[in-house]
Amino acid sequence: MKIIKKKEIEERSNRILLVRKEQNLSEYVPDAKQRNYVQERLNLKKEVALLNQLDHLVIIRVLGQTDEPKNNRLEVARKAGFEVHPMLNDHDVDSVDVVNCGVEPEECVAFAEGLALTGYQFLKYMTGEKEKQNKLEKIFLVDEALTGDQVDKLNHVVKAVYLTRDLVNEPLSFLTAVQLSLEIEKMGKEAGFEVEVFNKKKIESLKMGGLLAVNRGSLDPPTFSILTWKPEDAVNKNPLVLVGKGVVFDTGGLSLKPTHDSMDYMKCDMGGAAAVAGALYAVAMNRLPVWVVGLIPATDNRPDGNAYVPGDVVTMYDGTTVEVLNTDAEGRMLLADALSYAKKYGPELVIELSTLTGAAHAAIDKYGIVGMGNASREVMDNLKESGEYTAERIAEFPFWDDYKEQLKSEIADLKNIGGKYGGAITAGKFLEHFTDYPYIHLDIAGPSYNKSAYNYRGLGGSGVGVRILYNYLLNRSI
Ligand code: BES
Ligand code: MN
Ligand code: ZN
């Protein structure tokens, strides 16, 4: 998919006209008979009308009302992009002009974003993929208020989401921890950010006990990837660090997950890692003047002859001892090491993303990100505003110290699970133990993977995290 700026429409180009409900259409639909037809459709409370001109399509699409809050209108526009996509596909349209006929430029961008994200497919493993392939390849934005640079930037963000989705959709049969690091290196080469990968030997020499404990049941080695985007004109003195959970498959380990409905989609357990890689890709492609570091600890979590077992005590990278009471609470083991490692950067802020708990999923489903942290009110509010702007919304949970009670162990500094209640928060509190900087934990267990198609977020990996992080970093850079 490519989104490109264009000055004006050609006579025969397929087009989508973005309008308001009460708009006079005479300028855009000159033929009176056709205009009557469109008006009739819209009067019937339909939001879309299609004029088949035989050698091209004209689609008139109504967007939100001006009295609605802007963020709502942007989401209406993205969803409108999603709704129009099948009409284009049915007519084998491979290129379309999106024309601003009286909406705000941001809504035009959001529409193109929704349309482009809807066009995503993961067909790598389909033989005879041609018939299944979506037709749309190019979206031309026709809006005088938008610069070519703005449109290119949108194009890169969409590409970042595509790459993130690809990573999530790749099964373990391809995407081992080592392969994940190789894919991240490829993304770094293309976008211009640096990637350093620690192999098992290096991880052992650093004594990253949490990551190594989870990896003990695996035949494949772990990796720890460090992604760096440090432009000369960076606005920040201390980096913003993004940490992503890279469990390339989570069987639960010896605390094995029951397979149906629980283990089946656990290839998605590196959704946080994929979002971090995607965010760095977008930031670097768009040359944002902000210093960002990504940390991605990766392994699969499996039962095996030498797998870590419940009752084990693990010495973590920072020296903390952890009593493992459930090997399925593995994400926090490797994330803890990455969070300790982040200290050496003296970061301004660390945002960590992970498909961490079923409890977060159970609490709010796929409709948002469960967020919590100890960063300032201002930082959290800015991040939440980015969430509203991109419709990757954060539901903020409390982060009270009371929850730490549940993590006390009889024989070690901490145990890796809490009690029956507040599971999303006790997981966050466990992670906070390994930080000494402003910290935000985003649990994306709910929205990271769609078992059935969910609007422009699609089927399978949704790429959640990329757009909220990009928008936050964009705002931080200006
Ligand atoms: N990867 C899972 C969490 C998850 C659940 C992700 C659903 C995506 C969708 C995580 O490693 C896990 O197994 N968490 C356990 C923790 C428990 C053992 C304390 C859980 O939530 O059940
Ligand atoms: Mn698990
Ligand atoms: Zn997991």
Side-chain angles (χ1 to χ4, degrees), residues 168-169 172 175 177 180 210-211 213-218 222 243-275 296-303 307-312 322-338 352-370 397 403 406-407 409 414-431 441-452 454 460-465:
V168 174
N169 290 329
L172 179 65
L175 199 81
L180 174 61
L211 177 54
V214 177
N215 182 250
R216 270 176 49 184
S218 176
V243 176
K245 172 176 172 181
V247 173
V248 286
F249 195 87
D250 183 10
T251 68
L254 283 168
S255 312
L256 197 65
K257 286 180 186 294
T259 178
H260 173 67
D261 236 30
S262 175
M263 195 198 295
D264 297 0
Y265 298 96
M266 276 304 142
K267 67 175 185 179
C268 79
D269 213 16
M270 33 57 70
I296 295 177
T299 178
D300 52 324
N301 180 27
R302 291 220 209 198
Y308 78 143
V309 304
D312 274 353
V322 174
E323 181 188 11
V324 174
L325 284 174
N326 190 322
T327 63
D328 198 9
E330 85 296 342
R332 62 196 78 181
M333 299 296 288
L334 44 119
L335 288 167
D337 283 352
E352 165 269 314
L353 287 92
S354 49
T355 46
L356 200 62
T357 65
H361 192 179
I364 66 164
D365 200 354
K366 63 190 170 196
Y367 303 109
I369 297 168
V370 167
F397 277 27
Y403 291 95
Q406 296 188 31
L407 296 168
S409 160
L414 285 176
K415 56 181 185 177
N416 80 330
I417 51 167
K420 195 169 172 190
Y421 303 113
I425 305 171
T426 50
K429 279 305 202 186
F430 177 92
L431 294 175
H441 162 58
L442 300 180
D443 194 328
I444 56 169
S448 82
Y449 196 87
N450 295 314
K451 292 180 195 173
S452 56
Y454 176 44
S462 68
V464 70

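Numbering of ligands and ligand atoms starts at 1, following listing order.
In the vicinity of Met266, heavy-atom distances shorter than 4.0 Å reach the ligand 1 atoms 1 (N), 4 (C), 5 (C), 6 (C), 7 (C), 8 (C), 9 (C). Those atoms of ligand 1 that come under 4.0 Å of a heavy atom in Glu330, given as number and element, are 11 (O). Distances below 4.0 Å separate heavy atoms of Arg332 from the following atoms of ligand 1: 16 (C), 19 (C). Residue-ligand proximity, Lys257 to ligand 1, at heavy-atom distances under 4.0 Å covers atoms 2 (C), 12 (C), 13 (O).
Side chains of Asp328 and Lys257 form a contact here, defined as non-hydrogen atoms less than 4.5 Å apart. Under the 4.5 Å side-chain criterion, counting only non-hydrogen atoms from C-beta, Met333 is in contact with Tyr308.
For atom 18 (C) of ligand 1, the nearest non-hydrogen atom from the set Thr357, Asn326, Thr355, Ile444 belongs to Asn326. Among Ala427, Ala362, Gly358, the residue whose heavy atom lies closest to atom 20 (C) of ligand 1 is Gly358.
In this structure a side-chain-to-backbone donor-acceptor pair under 3.5 Å is present from Gln406 to Gly419. Asp250 places no side-chain N or O within 3.5 Å of a backbone atom of Asn301 that could act as its donor or acceptor partner. In this structure, Lys245 contributes its side chain and Gly272 its backbone to no donor-acceptor pair below 3.5 Å. Panel note: side chain Asp443, backbone Leu356; a donor-acceptor pair is recorded below 3.5 Å. A side-chain donor-acceptor contact under 3.5 Å links Ser255 to the backbone of Thr327. Of the possible donor and acceptor atoms, one in the side chain of Lys267 sits under 3.5 Å from a partner among the backbone N and O of Asn169. Of the possible polar contacts, none joining the Ser218 side chain to the Asn215 backbone as a donor-acceptor pair under 3.5 Å is found. With Asn416 contributing its side chain and Asn326 its backbone, the two residues share a donor-acceptor pair below 3.5 Å.
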List the steps and the verdict of side-chain contact (heavy atoms from CB on, under 4.5 Å) for Glu330 and Asp269. CA-CA 11 Å; Glu330 85 296 342; Asp269 213 16; 3.0 Å; yes

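Here the N, O or S atom of Glu330 that is nearest to the Mn ion (ligand 2) is OE1. When the N, O or S atoms of Asp250 are ranked by distance to the Mn ion (ligand 2), OD2 comes first.
When heavy-atom distances to ligand 1 are checked against a 4.0 Å cut-off, Asn301 has no atom that comes that close, whether in backbone or side chain.
Considering Val214, Leu254, Leu172 in turn, Leu172 is the only one that fulfils the side chain to side chain contact (heavy atoms under 4.5 Å, CB included) rule with Arg302.
Remark: minimum distance from atom 12 (C) of ligand 1 to any protein heavy atom is reached at Asp328 O, 3.2 Å. Looking only at protein heavy atoms, the nearest one to atom 19 (C) of ligand 1 is Ile417 CG2, 3.4 Å. In terms of protein heavy atoms, atom 2 (C) of ligand 1 is closest to Asp250 OD2, 3.6 Å. In terms of protein heavy-atom proximity, atom 10 (C) of ligand 1 is nearest to Leu356 O, 3.2 Å.
In this pair, Tyr454 and Tyr367 present their aromatic rings perpendicular. The plane angle is above 60°, beyond the 30 to 60° band.
Taking backbone and side chain together, Asp269 holds no N, O or S atom under 2.8 Å from the Mn ion (ligand 2).
Between Asp264 and Lys451 no salt bridge is recorded (no basic side-chain N to carboxylate O distance below 4.0 Å).
By the criterion of a separation under 2.8 Å, the protein N/O/S atoms near the Zn ion (ligand 3) amount to Lys245 NZ, Asp250 OD2, Asp269 OD2, Glu330 OE2.
When only interatomic distances are considered, the shortest N/O to N/O separation between His361 and ligand 1 does not fall below 3.5 Å. Between Lys245 and ligand 1, at least one pair of N/O atoms sits closer than 3.5 Å.
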